[in-house]
Amino acid sequence: MKKVFKLYEELFALHGKQGWWPIQGVYDGRLPNKKEQLEICIGAILTQNTSWVNVEKALAQLSGKIHEKALRMPQEKLAVLIKPAGYFNQKAKKIHCFLDFLASKKEVDRENLLAVWGIGPETVDSMLLYAYQQPYFVVDAYTKRILEHYKIIKAHASYEEVQNLFHKELPRDVELFKEYHALFVAHAKKYYSKKPYGIGDPLLGDFKK
DNA sequence: TTCCAGGCAATAC
DNA sequence: GTATTGCATGGA
């Protein structure tokens with residue numbers, strides 16, 4: 001059952017190409033340069049349980065300072081700048097832990113990133129997929145919400161369980177994974193942001209039975 | 001006013 | 001192993 005590939009095609013037909021990751025300024029889908037890689041990683045931390053508009057405010061206040069050295073300002077100072085993204089004390093600490101990791105020159109892989117304080121599975125996979133072009137499917141709250149609603153996964157399925165579904169049923173393709181996750185977010189923002197979920201979702205007839 | 005947003009770590013059961 | 005709680009701003 002290739003349900004998840006069919007779902008991708010329908011989401012794409014509905015919402016079109018998303019072109020993620022949404023970095024500041026213009027991003028046309030080319031591979032991110034070094035500075036853009038860092039911005040993606042910082043954004044991935046800032047957006048933890050936080051709306052992207054608030055992350056954009058924080059990133060705007062960081063503009064000109066998205067460099068490993070500049071971000072090493074005192075944690076309290078960094079916290080003030082990223083305040084609009086919420087959880088600013090924790091996130092300032094997380095950013096500094098991530099910078100420590102980069103400075104350590106350890107290999108940037110899933111295991112090493114997961115060992116960094118403040119970086120969990122979704123944040124790692126976002127970084128690896130969008131900044132480092134590694135094919136890990138990103139599972140977020142929206143992804144689970146939609147798949148649960150379609151009865152494709154059980155309620156309370158674990159991160160690994162859901163990720164495995166995509167890794168098994170899809171070709172391990174970076175561009176496909178990038179678009180697919182972005183499409184989940186677009187779809188969820190439109191139909192799964194307020195309860196009751198799924199009102200007006202044109203795909204419901206195909207996936208919920 | 002309440003609810004929630006592209007989670008995570010610490011703690012409790 | 002799974003459930004709960006603290007972390008925090010800003011917009012609907």
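In what follows, every chain begins at residue 1, and chains take the letters A, B, ... in the order their sequences are listed.
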Applying salt bridge (Lys or Arg N to Asp or Glu O under 4.0 Å) to A:E175 and A:K178, what does each step give before you reach the verdict? CA-CA 5 Å; A:E175 293 308 315; A:K178 283 182 179 174; 3.4 Å; yes
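Using a 4.0 Å heavy-atom distance criterion, A:K93 is classed as making no nucleic acid contact. At a threshold of 4.0 angstrom between heavy atoms, the contacts of A:V116 are confined to the sugar-phosphate backbone, with no base atom among them. The residue A:E122 sits close only to the backbone: its heavy atoms come under 4.0 Å of sugar-phosphate atoms, none of a base. Heavy atoms of A:K57 sit under 4.0 angstrom from primed sugar atoms or phosphate atoms, though from no base atom. A:I119 comes within contact range of the sugar-phosphate backbone alone, with a heavy-atom separation under 4.0 Å but no base atom that close.
Salt bridge status for A:R110 with A:D125: present, with a side-chain N to carboxylate O gap under 4.0 Å. Between A:E68 and A:K105, none of the side-chain N atoms (NZ, or NE/NH1/NH2) sits under 4.0 Å from a carboxylate O, so this pair counts as no salt bridge.
Between A:K194 and B:dA5, a side-chain N or O to OP1/OP2 separation shorter than 4.0 Å is absent.
C:dG10 and B:dA9 have their P atoms separated by 25 Å, with the value rounded to a whole Å. On the P atoms, C:dA8 is 16 Å away from B:dT11, given to the nearest whole Å.
Summarising the geometry, the separation between CG on A:N89 and C1' on B:dA10 is reported as 17 Å, rounded to the nearest angstrom. Rounded to an integer number of Å, the gap from A:Y192 OH to B:dC4 P is 17 Å. Separating the CZ atom of A:F88 from the P atom of C:dT9 is a distance of 5 Å, rounded to the nearest angstrom. Going from atom CD1 of A:I45 over to atom P of B:dA9 covers 11 Å, rounded to whole Å. Atom CH2 of A:W52 is separated from atom C1' of C:dT9 by 16 Å (rounded to the nearest Å). A:L113 has its CG atom 18 Å from the P atom of B:dG7, to the nearest Å. Per the geometry, CD belonging to A:E161 stands 13 Å off P belonging to C:dG1, to the nearest Å. The CD-P distance, from A:E56 to B:dA5, rounds to 17 Å in whole Å.
For A:V53 and A:T50, each mapped to the nucleotide of DNA chain C holding its nearest heavy atom, the one lying further toward the 5' end belongs to A:T50. Comparing A:Y197 and A:W117, the nucleotide of DNA chain B nearest to each residue sits closer to the 5' end for A:Y197.
Taking the six-membered ring for Trp and thresholds of 30 and 60 degrees, A:Y150 and A:Y192 have ring planes more than 60 degrees apart, a perpendicular arrangement. By the 30° and 60° cut-offs, the orientation of the rings of A:F137 relative to A:F166 is parallel. Relative ring orientation between A:F12 and A:Y8 is described as tilted, the plane-to-plane angle lying within the 30° to 60° band. Ring-plane geometry between A:W21 and A:W52 is classed as perpendicular, the angle between the planes exceeding 60 degrees on a 0 to 90 degree scale with a lower cut at 30.
Checked against B:dA10, B:dC8, C:dA8, the side chain of A:N49 finds its nearest nucleotide in C:dA8. Closest approach to the A:S51 side chain among B:dC8, C:dT9, B:dA5 is made by B:dA5 (side chain taken as heavy atoms from C-beta onward). Out of C:dT9, B:dA5, B:dG7, the shortest distance to the side chain of A:R145 is found at B:dA5. The listed nucleotides are B:dC8, C:dA8, B:dA5; the one nearest the side chain of A:Y87 is C:dA8.
Using modelled atom types and a 3.5 Å distance limit, the side chains of A:K94 and A:T123 yield no donor-acceptor pair.
Proximity of residues 71-86 of chain A to DNA chain C (heavy atom under 4.0 angstrom from any strand atom) is restricted to A:K83, A:P84, A:G86.
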